[in-house]
Novice: 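The structure follows.
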Amino acid sequence: MDAITAQRSSALLTDRYELTMLQAALRSGAAHRRSVFEVFTRRLPNGRRYGVLAGTGRVLDAVENFRFTTAQLDWLADQRVVDEDTLRHLADYRFTGDIHGYPEGEVYFPGSPLLTVEGSFAEAVILETVILSILNYDSAIAAAASRMTAAAGDRPVIEMGARRAHEQAAVSAARAAYLAGFSATSDLEAGFTYGIPTTGTAAHAFTLLHDSEKDAFTAQIESMGRATTLLVDTYDLAEAVRTAVEVAGPRLGAVRIDSGDLTLLAHRVRRQLDELGATDTKIIVTSDLDEYAIAALAAAPVDGYGVGTSLVTGSGHPTCAMVYKLVARATSADGELVPVAKRSAGGKTSVGGRKWAARRPDADGVAEAEVVGTGPVPAELEPYLLHVPLISGGEVVGREPLDDARERHRRARATLPLSATQLSRGEPVIGTERHIG
């Protein structure tokens, strides 16, 4: 369990209607019916070709910490949210069911059964909001980050968005970005909580504080060593580069450019650094970058990128439109499961039944279809099943190091058709096939 969630109940990260449904179901006697809920999305954000599942590890922590404190129960009573019988039920609440789903870092497509929550209705229904709030945000950030790291190729990308998001969302964003290939974060809480490498040196304020740019660079070099990164666009860029090499020598680690025409300036700075003998000094660029700007800089002599606002806002798509739907329930406390599904007009339909998912490859090992089915799994698809156990009998069994999810995403993205990483608008890179058993 991570440091953020270890001492915090997640039980009130819940919409009121989840508890009022629980109260009514307890009164009707249906609350203890075995139920299966599923997390999925009906579509990808407009133009996106694949999604990235992130936040699963945080979901496991949230479910484990979903326990009502005395103060929370007193508040629910004071606000008359639910009745006394429901309060007594909540006082003893522990999730004792099963959760399985796609492993974190995996890619997904419309209709992919990303998470399956199975237990009594009373246990499972009240987890809806906390699960969706985590997965929708984290997966949106990871999808944007994946596009950015794909555009960057072998060049590192640093997450720098903490000042552009809610303070806790910034930590989650750094985690999701690292999962999708970012190399480091500027956010120290994210580094402390999740073990993500941190980086950062100085802002324009540091240069402005000193009487001259040379004084500022000298102070930074004396404090941090020659391997540091000097910010060179506070005043005159060319003069700053000359001063930087004069102070640090040709073994200066890097310079950072934070404004202007980055492609043009990167070429000018690279030429100047080489002429000054600083041939190994790297160039880092920042300034409102997104995946399109990164792709446009592919031919520029840039060694790394820093991304903030576009990353923590999902590069225009800050949610994934994931939903949490009941897809099967028992007819009685001990009855057999029967599929259930929403049939209303307007496109908000669902497909009933507990599902499995497999990603079928072609002869070259490239993914060609996401197969989602109910009933028995065809033998030829068994090697490609995607679900893994996450919680069994209320006990977390699927917790893993963040680096494992990071490596999984790298592998999963590599199995997609090459068009998956194109930034032009398009449909999902592979289709979803239904297999009704």
Side-chain angles (χ1 to χ4, degrees), residues 1-8 10 13 52-65 99 101-107 130-131 133-135 137-146 148-150 152 154-201 224-225 227-229 253-254 284 286 304-308 311-312 314 388-391 395-414:
M1 190 183 307
D2 65 64
I4 276 184
T5 57
Q7 298 179 3
R8 179 183 300 172
S10 57
L13 299 176
V52 180
L53 180 65
T56 308
R58 297 207 308 119
V59 165
L60 298 182
D61 292 333
V63 173
E64 197 171 56
N65 288 344
I99 298 179
Y102 283 37
E104 191 164 19
E106 187 57 83
V107 298
V130 68
I131 287 176
S133 65
I134 292 171
L135 294 185
Y137 181 72
D138 289 31
S139 298
I141 303 310
S146 181
M148 293 172 188
T149 54
D154 294 332
R155 297 171 178 176
V157 190
I158 301 165
E159 187 280 313
M160 303 170 64
R163 291 165 291 170
R164 299 291 188 267
H166 182 280
E167 66 273 15
Q168 292 302 334
V171 179
S172 303
R175 181 186 184 278
Y178 183 70
L179 178 153
F182 273 54
S183 61
T185 178
S186 65
D187 190 276
L188 293 180
E189 182 65 44
F192 171 73
T193 302
Y194 296 117
I196 302 169
T198 62
T199 189
T201 52
M224 304 177 195
T228 192
T229 299
I284 308 299
T286 51
Y305 310 92
V307 184
L311 186 280
V312 298
V388 298
L390 298 168
I391 293 180
E395 297 296 323
V396 174
V397 297
R399 189 174 280 120
E400 63 180 359
L402 183 57
D403 279 334
D404 288 2
R406 175 182 169 90
E407 174 60 21
R408 180 179 297 113
H409 177 65
R410 186 195 63 78
R411 294 196 309 267
R413 190 175 67 184

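All values reported here derive from a predicted model rather than from experimental measurement.
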Novice: If every non-hydrogen atom of A254 is compared with every non-hydrogen atom of I284, which pair is closest and at what distance?
Specialist: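 Minimum heavy-atom separation between A254 and I284: CB-CG1, 4.2 Å.
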Novice: Give, for atom CD1 of I391 and atom CZ of R399, the distance between the pair rounded to the nearest 0.5 Å.
Specialist: 8.5 Å
Novice: For R406, enumerate each residue passing the side-chain hydrogen bond (donor to acceptor under 3.5 Å, both in side chains) test, keeping only those at least two apart in sequence or located in another chain.
Specialist: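 For R406 there are no side-chain hydrogen bond (donor to acceptor under 3.5 Å, both in side chains) partners, ignoring immediate neighbours.
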Novice: Using every non-hydrogen atom in the two residues, find where G105 and A412 come nearest and quote the distance to one decimal.
Specialist: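 Nearest pair, atom of G105 first, then A412: O-CB, 4.5 Å.
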Novice: In a table with atom names and distances, give each donor-acceptor pair under 3.5 Å that connects a side chain of residues 160-167 to protein atoms at least two apart or in another chain.
Specialist:
from, atom 1, to, atom 2, distance (Å)
R164, NE, T309, OG1, 3.2
H166, ND1, Q168, N, 3.0

Novice: Can you find a heavy atom in the side chain of D138 that is under 4.5 Å from one in the side chain of L179?
Specialist: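 The answer is no, as the side chains (C-beta and beyond) never meet within the 4.5 Å cut-off.
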Novice: Quick one: which residue pairs count as a salt bridge (charged side-chain N to carboxylate O under 4.0 Å, His left out) with a foot in residues 178-188, not counting sequence neighbours?
Specialist: none
Novice: Specify the closest pair of heavy atoms between A173 and Y137, including all atoms of both residues, with the distance to one decimal.
Specialist: CB-OH, 3.6 Å
Novice: Specify the closest pair of heavy atoms between A152 and V157, including all atoms of both residues, with the distance to one decimal.
Specialist: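 Minimum heavy-atom separation between A152 and V157: CB-CG2, 3.5 Å.
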Novice: Check side-chain contact (heavy atoms from CB on, under 4.5 Å) between V388 and all other residues, then give those that pass, not counting sequence neighbours.
Specialist: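 In terms of side-chain contact (heavy atoms from CB on, under 4.5 Å), with neighbours along the sequence ignored, V388 is linked to P103, L390.
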Novice: What pairs with S172 under side-chain hydrogen bond (donor to acceptor under 3.5 Å, both in side chains), at least two apart in sequence or on another chain?
Specialist: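 Checked S172 against side-chain hydrogen bond (donor to acceptor under 3.5 Å, both in side chains); matches are R58.
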Novice: Can you name the side-chain hydrogen bond (donor to acceptor under 3.5 Å, both in side chains) partners of D403, sequence neighbours left out?
Specialist: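 With neighbours one apart ignored, the set is Y178.
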Novice: With respect to E159, which candidate in T199, I141, V312 satisfies the side-chain contact (heavy atoms from CB on, under 4.5 Å) definition?
Specialist: V312
Novice: Mind checking salt bridge (Lys or Arg N to Asp or Glu O under 4.0 Å) for E104 and listing every partner two or more places apart, or none if nothing turns up?
Specialist: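 Result, salt bridge (Lys or Arg N to Asp or Glu O under 4.0 Å) vs E104: R175.
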Novice: Under a 3.5 Å distance rule, please check whether T185 uses its side chain to pair with a backbone N or O of T198 as donor and acceptor.
Specialist: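 No: the side chain of T185 does not pair with the backbone of T198.
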Novice: Name all residues meeting the side-chain hydrogen bond (donor to acceptor under 3.5 Å, both in side chains) criterion together with T286; count only those two or more places apart in sequence or in a different chain, and write none if there are none.
Specialist: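 With sequence neighbours excluded, T286 shows a side-chain hydrogen bond (donor to acceptor under 3.5 Å, both in side chains) to R256, D258, given in chain and number order.
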Novice: Could you pull out all residues at least two apart from L13 that satisfy side-chain contact (heavy atoms from CB on, under 4.5 Å)?
Specialist: S10, V130
Novice: Show the nearest heavy-atom pair for residues I158 and S183, with the distance to one decimal.
Specialist: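 Where I158 meets S183 most closely, the heavy atoms are CG1-OG, 4.1 Å.
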Novice: Do V171 and Y194 have side chains that approach each other closer than 4.5 Å (heavy atoms only, starting at C-beta)?
Specialist: yes
Novice: Who pairs with R408 by salt bridge (Lys or Arg N to Asp or Glu O under 4.0 Å), at least two apart in sequence or on another chain?
Specialist: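 Result, salt bridge (Lys or Arg N to Asp or Glu O under 4.0 Å) vs R408: E400.
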Novice: Please list, chain by chain and in numerical order, all residues satisfying side-chain contact (heavy atoms from CB on, under 4.5 Å) with R413, sequence neighbours excluded.
Specialist: Y50, S146, T149, A150, H409, T421
Novice: Taking only residues two or more places apart in sequence or in another chain, which ones pass ring pair (Phe, Tyr, Trp, His ring centres under 6.0 Å) with Y102?
Specialist: H387
